[in-house]
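One structure below.
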Protein chains: 2
Amino acid sequence: MKKAEATRLTILQKAFELIYVKGYQTTSIDDIIATTKVTKGAFYYHFKTKDEMGLAIINEILKPTLTNSFIEPLQTEENPLDAIYNLMDNLLMKNDFLKVEYGCPASNFTQEMTPWNSEFNKALNELTQEWTKAITATIERGKKSGTIRKDVNAKQVTIFVMSGYWGIRNLGKLENSKKVYVSYLKQLKIYLDSLK
Amino acid sequence: MKKAEATRLTILQKAFELIYVKGYQTTSIDDIIATTKVTKGAFYYHFKTKDEMGLAIINEILKPTLTNSFIEPLQTEENPLDAIYNLMDNLLMKNDFLKVEYGCPASNFTQEMTPWNSEFNKALNELTQEWTKAITATIERGKKSGTIRKDVNAKQVTIFVMSGYWGIRNLGKLENSKKVYVSYLKQLKIYLDSLK
DNA sequence: TCTTAAAAATACCATTCGGTATGTTTTTTG
DNA sequence: CAAAAAACATACCGAATGGTATTTTTAAGA
(Lines give C-alpha, C1' and ligand atoms only; values in the text may rest on other atoms or scores of the structure.)
Protein backbone atom coordinates (compact mmCIF):
# COMPACT_ATOMS: atom_id res chain seq x y z
CA MET A 1 0.00 0.00 0.00
CA LYS A 2 2.50 2.56 -1.14
CA LYS A 3 1.95 3.08 -4.83
CA ALA A 4 -1.72 3.69 -4.14
CA GLU A 5 -0.95 6.61 -1.89
CA ALA A 6 1.41 7.95 -4.49
CA THR A 7 -1.41 7.85 -7.04
CA ARG A 8 -3.67 9.67 -4.65
CA LEU A 9 -1.06 12.33 -4.02
CA THR A 10 -0.42 12.78 -7.72
CA ILE A 11 -4.11 13.37 -8.29
CA LEU A 12 -4.27 15.91 -5.49
CA GLN A 13 -1.18 17.79 -6.60
CA LYS A 14 -1.97 17.93 -10.30
CA ALA A 15 -5.61 18.73 -9.63
CA PHE A 16 -4.51 21.52 -7.31
CA GLU A 17 -2.34 23.01 -10.01
CA LEU A 18 -5.15 22.83 -12.54
CA ILE A 19 -7.61 24.37 -10.12
CA TYR A 20 -5.17 27.11 -9.18
CA VAL A 21 -4.94 28.03 -12.82
CA LYS A 22 -8.47 27.37 -14.09
CA GLY A 23 -10.69 27.48 -11.04
CA TYR A 24 -12.47 24.62 -9.31
CA GLN A 25 -15.75 24.51 -11.19
CA THR A 26 -14.16 24.73 -14.62
CA THR A 27 -11.61 22.02 -13.90
CA SER A 28 -13.36 18.81 -14.90
CA ILE A 29 -12.61 15.30 -13.73
CA ASP A 30 -11.71 14.54 -17.32
CA ASP A 31 -9.17 17.38 -17.23
CA ILE A 32 -7.65 15.92 -14.10
CA ILE A 33 -7.43 12.33 -15.29
CA ALA A 34 -6.03 13.53 -18.60
CA THR A 35 -3.13 15.44 -17.07
CA THR A 36 -2.44 12.89 -14.36
CA LYS A 37 -2.77 9.97 -16.77
CA VAL A 38 -4.85 8.25 -14.13
CA THR A 39 -8.03 6.54 -15.24
CA LYS A 40 -11.47 7.42 -14.02
CA GLY A 41 -11.69 4.16 -12.17
CA ALA A 42 -8.59 5.02 -10.21
CA PHE A 43 -9.82 8.53 -9.52
CA TYR A 44 -13.15 7.37 -8.14
CA TYR A 45 -11.44 4.65 -6.17
CA HIS A 46 -9.60 7.32 -4.20
CA PHE A 47 -12.36 9.92 -4.01
CA LYS A 48 -16.08 9.38 -3.74
CA THR A 49 -16.90 12.69 -5.41
CA LYS A 50 -15.19 15.70 -6.93
CA ASP A 51 -15.98 17.70 -3.80
CA GLU A 52 -14.30 15.11 -1.59
CA MET A 53 -11.20 15.64 -3.67
CA GLY A 54 -11.59 19.41 -3.36
CA LEU A 55 -11.72 19.13 0.41
CA ALA A 56 -8.68 16.86 0.38
CA ILE A 57 -6.81 19.48 -1.62
CA ILE A 58 -7.58 22.13 0.98
CA ASN A 59 -6.64 19.92 3.91
CA GLU A 60 -3.73 17.98 2.48
CA ILE A 61 -2.18 20.42 0.03
CA LEU A 62 -3.16 23.95 1.00
CA LYS A 63 -2.85 23.51 4.74
CA PRO A 64 0.75 22.27 4.76
CA THR A 65 1.70 25.01 2.31
CA LEU A 66 0.09 27.56 4.57
CA THR A 67 2.11 26.37 7.50
CA ASN A 68 5.39 26.36 5.60
CA SER A 69 5.06 29.54 3.59
CA PHE A 70 2.62 31.69 5.53
CA ILE A 71 3.15 30.89 9.18
CA GLU A 72 6.65 29.55 9.83
CA PRO A 73 8.41 32.61 8.38
CA LEU A 74 6.58 34.71 10.95
CA GLN A 75 8.04 32.68 13.77
CA THR A 76 11.66 32.51 12.67
CA GLU A 77 12.13 36.26 12.14
CA GLU A 78 12.78 37.97 15.47
CA ASN A 79 11.44 41.48 14.79
CA PRO A 80 7.63 41.16 14.48
CA LEU A 81 7.03 44.04 12.09
CA ASP A 82 9.88 42.92 9.87
CA ALA A 83 8.45 39.42 10.04
CA ILE A 84 5.11 40.54 8.67
CA TYR A 85 6.59 42.77 6.01
CA ASN A 86 9.14 40.20 4.88
CA LEU A 87 6.46 37.53 4.76
CA MET A 88 4.39 39.63 2.37
CA ASP A 89 7.43 40.61 0.36
CA ASN A 90 8.41 36.97 0.00
CA LEU A 91 4.93 35.79 -0.86
CA LEU A 92 4.33 38.50 -3.42
CA MET A 93 7.74 39.08 -4.96
CA LYS A 94 9.88 36.01 -4.40
CA ASN A 95 7.70 32.92 -4.08
CA ASP A 96 7.89 31.31 -7.48
CA PHE A 97 4.98 28.94 -7.14
CA LEU A 98 2.41 31.68 -6.67
CA LYS A 99 1.94 33.44 -9.98
CA VAL A 100 0.69 37.00 -10.28
CA GLU A 101 -1.71 36.06 -13.10
CA TYR A 102 -3.40 33.35 -11.03
CA GLY A 103 -3.60 35.08 -7.66
CA CYS A 104 -3.70 33.33 -4.31
CA PRO A 105 -5.10 29.78 -4.33
CA ALA A 106 -6.82 30.12 -0.97
CA SER A 107 -8.34 33.43 -1.95
CA ASN A 108 -9.51 32.03 -5.29
CA PHE A 109 -11.04 29.03 -3.61
CA THR A 110 -12.80 31.23 -1.08
CA GLN A 111 -14.22 33.56 -3.67
CA GLU A 112 -15.46 30.72 -5.82
CA MET A 113 -16.81 28.25 -3.32
CA THR A 114 -17.64 29.96 -0.09
CA PRO A 115 -21.26 30.92 -0.52
CA TRP A 116 -22.19 27.54 -1.94
CA ASN A 117 -20.35 24.76 -0.28
CA SER A 118 -20.46 24.85 3.50
CA GLU A 119 -17.84 22.12 3.84
CA PHE A 120 -15.40 24.06 1.70
CA ASN A 121 -16.30 27.12 3.67
CA LYS A 122 -15.49 25.43 6.94
CA ALA A 123 -12.17 24.08 5.72
CA LEU A 124 -11.14 27.42 4.26
CA ASN A 125 -12.21 29.17 7.42
CA GLU A 126 -9.96 26.95 9.49
CA LEU A 127 -7.13 27.75 7.13
CA THR A 128 -7.68 31.46 7.45
CA GLN A 129 -8.09 31.25 11.20
CA GLU A 130 -4.69 29.63 11.49
CA TRP A 131 -3.08 32.42 9.54
CA THR A 132 -5.00 35.02 11.53
CA LYS A 133 -3.79 33.52 14.78
CA ALA A 134 -0.21 33.46 13.60
CA ILE A 135 -0.22 37.10 12.53
CA THR A 136 -2.03 38.21 15.66
CA ALA A 137 0.46 36.33 17.82
CA THR A 138 3.30 38.03 15.98
CA ILE A 139 1.84 41.43 16.71
CA GLU A 140 1.23 40.59 20.36
CA ARG A 141 4.84 39.47 20.55
CA GLY A 142 5.86 42.87 19.26
CA LYS A 143 3.72 44.61 21.84
CA LYS A 144 5.38 42.62 24.60
CA SER A 145 8.88 43.20 23.34
CA GLY A 146 8.14 46.89 22.90
CA THR A 147 8.62 47.11 19.15
CA ILE A 148 4.89 47.71 18.69
CA ARG A 149 2.78 50.26 20.58
CA LYS A 150 0.66 48.83 23.40
CA ASP A 151 -2.55 50.48 22.17
CA VAL A 152 -2.42 48.65 18.84
CA ASN A 153 -5.35 46.28 18.31
CA ALA A 154 -3.65 43.11 17.11
CA LYS A 155 -6.75 41.43 15.70
CA GLN A 156 -7.80 44.53 13.80
CA VAL A 157 -4.36 44.99 12.32
CA THR A 158 -4.32 41.35 11.29
CA ILE A 159 -7.61 41.68 9.46
CA PHE A 160 -6.42 44.86 7.81
CA VAL A 161 -3.17 43.29 6.66
CA MET A 162 -4.82 40.09 5.48
CA SER A 163 -7.45 41.90 3.50
CA GLY A 164 -4.72 43.92 1.84
CA TYR A 165 -2.91 40.77 0.84
CA TRP A 166 -5.98 39.10 -0.62
CA GLY A 167 -7.00 42.24 -2.40
CA ILE A 168 -3.63 42.94 -3.96
CA ARG A 169 -3.54 39.37 -5.22
CA ASN A 170 -6.78 40.02 -7.03
CA LEU A 171 -5.58 43.35 -8.36
CA GLY A 172 -2.40 41.68 -9.54
CA LYS A 173 -4.47 39.14 -11.46
CA LEU A 174 -6.37 41.93 -13.15
CA GLU A 175 -3.34 43.91 -14.21
CA ASN A 176 -1.16 40.83 -14.68
CA SER A 177 1.78 42.75 -13.30
CA LYS A 178 3.76 42.83 -10.11
CA LYS A 179 3.87 46.63 -10.29
CA VAL A 180 0.86 46.85 -8.01
CA TYR A 181 2.63 44.57 -5.57
CA VAL A 182 5.45 47.10 -5.26
CA SER A 183 3.05 49.94 -4.52
CA TYR A 184 1.19 47.81 -2.03
CA LEU A 185 4.36 46.79 -0.22
CA LYS A 186 5.55 50.37 0.08
CA GLN A 187 2.34 51.47 1.72
CA LEU A 188 2.27 48.37 3.86
CA LYS A 189 5.68 49.32 5.19
CA ILE A 190 4.46 52.83 5.99
CA TYR A 191 1.39 51.43 7.70
CA LEU A 192 3.40 48.90 9.71
CA ASP A 193 5.87 51.63 10.74
CA SER A 194 2.96 53.61 12.11
CA LEU A 195 2.41 50.81 14.63
CA LYS A 196 5.81 51.36 16.27
CA MET B 1 -38.48 49.45 -30.34
CA LYS B 2 -39.19 49.83 -26.67
CA LYS B 3 -40.38 46.53 -25.30
CA ALA B 4 -37.42 44.83 -26.88
CA GLU B 5 -34.98 46.98 -24.97
CA ALA B 6 -36.90 46.29 -21.82
CA THR B 7 -36.48 42.56 -22.42
CA ARG B 8 -32.80 43.04 -22.98
CA LEU B 9 -32.46 45.03 -19.79
CA THR B 10 -34.41 42.45 -17.80
CA ILE B 11 -32.07 39.75 -18.99
CA LEU B 12 -29.02 41.79 -18.05
CA GLN B 13 -30.33 42.71 -14.63
CA LYS B 14 -31.60 39.28 -13.62
CA ALA B 15 -28.52 37.60 -15.06
CA PHE B 16 -26.34 40.01 -13.13
CA GLU B 17 -28.10 39.13 -9.89
CA LEU B 18 -27.73 35.44 -10.56
CA ILE B 19 -24.07 35.81 -11.44
CA TYR B 20 -23.44 37.96 -8.39
CA VAL B 21 -24.84 35.19 -6.24
CA LYS B 22 -23.68 32.06 -8.09
CA GLY B 23 -20.74 33.13 -10.20
CA TYR B 24 -20.53 33.50 -13.96
CA GLN B 25 -19.51 30.00 -15.00
CA THR B 26 -22.05 28.24 -12.84
CA THR B 27 -24.91 30.45 -13.96
CA SER B 28 -26.30 28.70 -17.02
CA ILE B 29 -28.30 30.20 -19.84
CA ASP B 30 -31.12 27.93 -18.75
CA ASP B 31 -30.92 29.45 -15.25
CA ILE B 32 -31.21 32.89 -16.75
CA ILE B 33 -34.12 32.19 -19.06
CA ALA B 34 -35.91 30.38 -16.25
CA THR B 35 -35.78 33.30 -13.82
CA THR B 36 -36.42 35.94 -16.46
CA LYS B 37 -39.18 33.91 -18.10
CA VAL B 38 -37.66 34.81 -21.43
CA THR B 39 -37.26 32.06 -23.99
CA LYS B 40 -33.97 30.92 -25.43
CA GLY B 41 -34.92 32.37 -28.76
CA ALA B 42 -35.35 35.77 -27.20
CA PHE B 43 -32.10 35.47 -25.29
CA TYR B 44 -30.10 34.61 -28.36
CA TYR B 45 -31.83 37.30 -30.32
CA HIS B 46 -30.36 39.88 -27.96
CA PHE B 47 -26.97 38.26 -27.36
CA LYS B 48 -24.88 36.24 -29.76
CA THR B 49 -23.16 34.30 -26.97
CA LYS B 50 -23.12 34.03 -23.21
CA ASP B 51 -19.87 35.97 -23.12
CA GLU B 52 -21.40 38.81 -25.10
CA MET B 53 -24.02 39.04 -22.39
CA GLY B 54 -21.31 38.93 -19.73
CA LEU B 55 -19.54 41.85 -21.34
CA ALA B 56 -22.82 43.75 -21.60
CA ILE B 57 -23.35 43.21 -17.89
CA ILE B 58 -19.96 44.72 -17.11
CA ASN B 59 -20.44 47.68 -19.40
CA GLU B 60 -24.13 48.37 -18.97
CA ILE B 61 -24.81 47.30 -15.40
CA LEU B 62 -21.55 47.36 -13.46
CA LYS B 63 -20.16 50.52 -14.99
CA PRO B 64 -23.12 52.79 -14.17
CA THR B 65 -23.24 51.34 -10.66
CA LEU B 66 -19.57 52.08 -10.26
CA THR B 67 -20.09 55.67 -11.25
CA ASN B 68 -23.04 56.17 -8.94
CA SER B 69 -21.90 54.28 -5.88
CA PHE B 70 -18.12 54.25 -6.09
CA ILE B 71 -17.12 57.50 -7.75
CA GLU B 72 -19.75 60.19 -7.30
CA PRO B 73 -19.69 60.01 -3.49
CA LEU B 74 -16.00 60.87 -3.64
CA GLN B 75 -16.72 64.05 -5.54
CA THR B 76 -19.60 65.39 -3.47
CA GLU B 77 -17.86 65.15 -0.09
CA GLU B 78 -15.56 68.15 0.41
CA ASN B 79 -12.95 66.68 2.76
CA PRO B 80 -10.94 64.12 0.73
CA LEU B 81 -10.00 61.76 3.54
CA ASP B 82 -13.55 61.78 4.86
CA ALA B 83 -14.72 61.15 1.33
CA ILE B 84 -12.67 57.99 1.04
CA TYR B 85 -13.55 56.72 4.48
CA ASN B 86 -17.24 57.47 4.12
CA LEU B 87 -17.30 55.81 0.73
CA MET B 88 -15.93 52.60 2.18
CA ASP B 89 -18.21 52.83 5.18
CA ASN B 90 -21.22 53.25 2.92
CA LEU B 91 -20.23 50.48 0.56
CA LEU B 92 -19.48 48.01 3.33
CA MET B 93 -22.00 48.86 6.03
CA LYS B 94 -24.90 50.70 4.45
CA ASN B 95 -25.29 49.72 0.81
CA ASP B 96 -28.07 47.18 0.83
CA PHE B 97 -27.56 45.77 -2.60
CA LEU B 98 -24.08 44.48 -1.88
CA LYS B 99 -24.36 41.51 0.45
CA VAL B 100 -21.57 40.41 2.73
CA GLU B 101 -22.05 36.75 1.80
CA TYR B 102 -21.65 37.42 -1.91
CA GLY B 103 -18.79 39.90 -1.83
CA CYS B 104 -18.13 42.55 -4.45
CA PRO B 105 -19.44 41.79 -7.95
CA ALA B 106 -16.52 43.39 -9.73
CA SER B 107 -14.03 41.58 -7.53
CA ASN B 108 -15.82 38.27 -8.03
CA PHE B 109 -15.88 38.76 -11.75
CA THR B 110 -12.20 39.61 -11.80
CA GLN B 111 -11.20 36.63 -9.74
CA GLU B 112 -13.22 34.26 -11.87
CA MET B 113 -12.67 35.50 -15.37
CA THR B 114 -9.51 37.51 -15.59
CA PRO B 115 -6.91 34.92 -16.46
CA TRP B 116 -9.09 33.34 -19.12
CA ASN B 117 -11.11 35.87 -20.99
CA SER B 118 -9.12 38.79 -22.30
CA GLU B 119 -12.22 40.74 -23.26
CA PHE B 120 -13.61 40.46 -19.75
CA ASN B 121 -10.20 41.39 -18.46
CA LYS B 122 -10.11 44.51 -20.58
CA ALA B 123 -13.58 45.62 -19.54
CA LEU B 124 -12.89 44.98 -15.88
CA ASN B 125 -9.59 46.78 -16.14
CA GLU B 126 -11.31 49.86 -17.51
CA LEU B 127 -13.74 49.69 -14.64
CA THR B 128 -10.97 49.49 -12.09
CA GLN B 129 -8.99 52.21 -13.82
CA GLU B 130 -11.92 54.56 -13.48
CA TRP B 131 -12.17 53.92 -9.78
CA THR B 132 -8.41 54.23 -9.38
CA LYS B 133 -8.45 57.60 -11.14
CA ALA B 134 -11.28 58.85 -8.96
CA ILE B 135 -9.57 57.90 -5.72
CA THR B 136 -6.22 59.23 -6.86
CA ALA B 137 -7.83 62.51 -7.88
CA THR B 138 -9.45 62.76 -4.46
CA ILE B 139 -6.10 62.33 -2.75
CA GLU B 140 -4.44 64.87 -5.02
CA ARG B 141 -7.24 67.25 -4.17
CA GLY B 142 -6.42 66.76 -0.52
CA LYS B 143 -2.77 67.44 -1.13
CA LYS B 144 -3.63 70.71 -2.85
CA SER B 145 -6.06 71.83 -0.18
CA GLY B 146 -3.57 70.92 2.52
CA THR B 147 -5.59 68.22 4.26
CA ILE B 148 -3.14 65.56 3.04
CA ARG B 149 0.65 65.70 3.31
CA LYS B 150 2.47 66.67 0.13
CA ASP B 151 4.83 63.70 0.26
CA VAL B 152 1.99 61.19 0.07
CA ASN B 153 2.09 59.06 -3.08
CA ALA B 154 -1.50 59.25 -4.31
CA LYS B 155 -1.32 56.29 -6.68
CA GLN B 156 0.26 54.05 -4.07
CA VAL B 157 -2.30 54.96 -1.47
CA THR B 158 -5.07 54.28 -3.97
CA ILE B 159 -3.75 50.81 -4.70
CA PHE B 160 -3.37 50.12 -1.01
CA VAL B 161 -6.90 51.26 -0.22
CA MET B 162 -8.45 49.42 -3.15
CA SER B 163 -6.70 46.19 -2.33
CA GLY B 164 -7.96 46.47 1.22
CA TYR B 165 -11.52 46.89 -0.02
CA TRP B 166 -11.38 43.90 -2.35
CA GLY B 167 -9.71 41.77 0.25
CA ILE B 168 -12.12 42.58 3.04
CA ARG B 169 -15.00 41.76 0.71
CA ASN B 170 -13.52 38.32 0.26
CA LEU B 171 -12.87 37.91 3.96
CA GLY B 172 -16.44 38.96 4.64
CA LYS B 173 -17.67 36.25 2.27
CA LEU B 174 -15.66 33.67 4.13
CA GLU B 175 -16.85 34.62 7.59
CA ASN B 176 -20.29 35.67 6.42
CA SER B 177 -20.23 38.50 8.91
CA LYS B 178 -19.80 42.25 8.83
CA LYS B 179 -17.65 42.07 11.94
CA VAL B 180 -14.52 42.01 9.82
CA TYR B 181 -15.78 45.10 8.02
CA VAL B 182 -15.83 46.98 11.33
CA SER B 183 -12.23 46.02 12.10
CA TYR B 184 -11.15 46.91 8.62
CA LEU B 185 -12.83 50.32 8.75
CA LYS B 186 -11.20 51.19 12.08
CA GLN B 187 -7.75 50.46 10.75
CA LEU B 188 -8.56 52.21 7.49
CA LYS B 189 -9.38 55.34 9.48
CA ILE B 190 -6.09 55.09 11.37
CA TYR B 191 -4.22 54.62 8.12
CA LEU B 192 -5.99 57.52 6.43
CA ASP B 193 -5.33 59.75 9.44
CA SER B 194 -1.64 59.00 9.06
CA LEU B 195 -1.75 60.74 5.70
CA LYS B 196 -2.69 64.09 7.24
C1' DT C 1 2.64 -19.97 -3.93
C1' DC C 2 -1.98 -19.16 -3.84
C1' DT C 3 -5.77 -16.58 -2.32
C1' DT C 4 -7.97 -12.42 -1.54
C1' DA C 5 -8.65 -7.85 -1.35
C1' DA C 6 -6.93 -3.55 -3.03
C1' DA C 7 -6.11 -0.77 -7.01
C1' DA C 8 -6.89 0.47 -11.54
C1' DA C 9 -8.90 0.13 -16.26
C1' DT C 10 -12.94 0.28 -19.50
C1' DA C 11 -17.21 1.22 -21.08
C1' DC C 12 -21.11 3.38 -20.33
C1' DC C 13 -25.04 6.56 -18.49
C1' DA C 14 -28.31 10.45 -17.53
C1' DT C 15 -28.11 15.15 -17.36
C1' DT C 16 -26.72 19.66 -18.43
C1' DC C 17 -24.20 22.71 -21.19
C1' DG C 18 -24.00 26.58 -24.81
C1' DG C 19 -25.78 27.11 -29.07
C1' DT C 20 -28.74 26.57 -33.60
C1' DA C 21 -32.47 25.96 -37.00
C1' DT C 22 -36.77 26.95 -37.93
C1' DG C 23 -40.69 28.52 -37.00
C1' DT C 24 -44.52 32.13 -35.24
C1' DT C 25 -45.93 36.45 -33.49
C1' DT C 26 -45.47 41.29 -32.94
C1' DT C 27 -44.04 46.05 -34.44
C1' DT C 28 -42.62 49.28 -37.42
C1' DT C 29 -42.86 51.67 -41.64
C1' DG C 30 -44.00 52.75 -46.48
C1' DC D 1 -53.58 48.24 -44.64
C1' DA D 2 -49.78 45.43 -46.33
C1' DA D 3 -45.20 44.00 -46.32
C1' DA D 4 -41.13 43.55 -44.16
C1' DA D 5 -38.33 43.43 -40.49
C1' DA D 6 -37.86 42.93 -35.64
C1' DA D 7 -38.88 40.21 -31.58
C1' DC D 8 -39.85 36.09 -29.56
C1' DA D 9 -41.04 30.83 -29.21
C1' DT D 10 -40.08 25.83 -29.77
C1' DA D 11 -37.64 21.93 -30.62
C1' DC D 12 -33.56 20.11 -31.08
C1' DC D 13 -28.23 19.13 -31.31
C1' DG D 14 -23.43 17.55 -30.25
C1' DA D 15 -20.26 17.91 -26.72
C1' DA D 16 -19.01 17.86 -22.04
C1' DT D 17 -20.27 17.03 -17.34
C1' DG D 18 -20.01 14.15 -12.84
C1' DG D 19 -20.68 9.68 -11.78
C1' DT D 20 -21.45 4.29 -12.02
C1' DA D 21 -21.17 -0.71 -13.06
C1' DT D 22 -18.29 -4.06 -14.26
C1' DT D 23 -14.16 -6.16 -15.32
C1' DT D 24 -9.25 -6.71 -15.09
C1' DT D 25 -4.81 -6.21 -13.05
C1' DT D 26 -1.70 -5.72 -9.15
C1' DA D 27 0.10 -6.47 -4.76
C1' DA D 28 -0.03 -8.18 0.16
C1' DG D 29 -0.43 -11.70 3.61
C1' DA D 30 -1.18 -16.69 4.96
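Heavy atoms only: backbone and side chains are in, while hydrogens, waters and symmetry mates are out. Since the structure is predicted, the reported quantities are computational estimates derived from the model, not experimental observations. The sequence lines fix the lettering, A, B, ..., with proteins before strands; numbering per chain opens at 1.
Within 4.0 Å of Thr27(B), counting heavy atoms only, lie sugar-phosphate atoms of the nucleic acid but no base atom.
Taking only side-chain atoms of Tyr44(B), from C-beta outward, the nucleotide of dA9(C), dA6(D), dG18(C) with the closest atom is dG18(C). Set against dA9(D), dT17(D), dA8(C), the side chain of Tyr45(A) has dA8(C) as its closest nucleotide. Closest approach to the Asp30(A) side chain among dA11(C), dC17(C), dT17(D) is made by dT17(D) (side chain taken as heavy atoms from C-beta onward).
Nucleotide dG18(C) holds its C1' atom 12 Å from the CG atom of Asp31(B), rounded to whole Å. Distance CG (Leu9(B)) to P (dA7(D)): 14 Å, rounded to an integer number of Å. When the P atom of dA6(D) is taken as reference, atom CZ of Arg8(B) falls 15 Å away, rounded to whole Å. The distance from atom CD1 of Ile32(B) to atom P of dC8(D) is 16 Å, rounded to the nearest whole Å. One interatomic measurement links the two molecules: CE of Met53(A) to C1' of dT17(D), which rounds to 14 Å at whole-angstrom precision. Atom pair Glu5(A):CD and dA6(C):C1' shows a separation of 13 Å (rounding to whole Å applied). When rounded to the nearest whole Å, the span between CD of Gln25(B) and P of dA16(D) equals 16 Å. Straight-line distance from the NZ atom of Lys22(A) to the C1' atom of dA16(D): 11 Å, rounded to whole Å.
Side chains of Thr36(B) and Thr10(B): no donor on one and acceptor on the other come within 3.5 Å. Under the 3.5 Å distance criterion, with hydrogens and angles disregarded, no donor-acceptor pair is assigned to the side chains of Gln25(B) and Gln25(A).
Residues Glu175(B) and Gln129(A) come closest through the heavy atom pair OE2-NE2, 3.4 Å. For Glu130(B) against Ile71(B), the heavy-atom pair with the smallest separation is O-CD1, 3.8 Å.
Phosphate contact (OP1/OP2 of dT10(C), side-chain N/O of Thr39(A), threshold under 4.0 Å): absent. OP1 or OP2 of dG18(C) has not a single side-chain nitrogen or oxygen of Thr49(B) nearer than 4.0 Å. An OP1 or OP2 oxygen of dA8(C) is reached within less than 4.0 angstrom by a side-chain nitrogen or oxygen of His46(A).
The base of dG19(D) sits within donor-acceptor range of the side chain of Lys40(A), with an N or O pair under 3.5 Å.
Each of Tyr184(B), Trp131(B), Tyr181(B), Tyr85(B) was checked for a ring-ring contact (aromatic ring centres under 6.0 Å, His included) with Tyr165(B), and the lone residue meeting it is Trp131(B).
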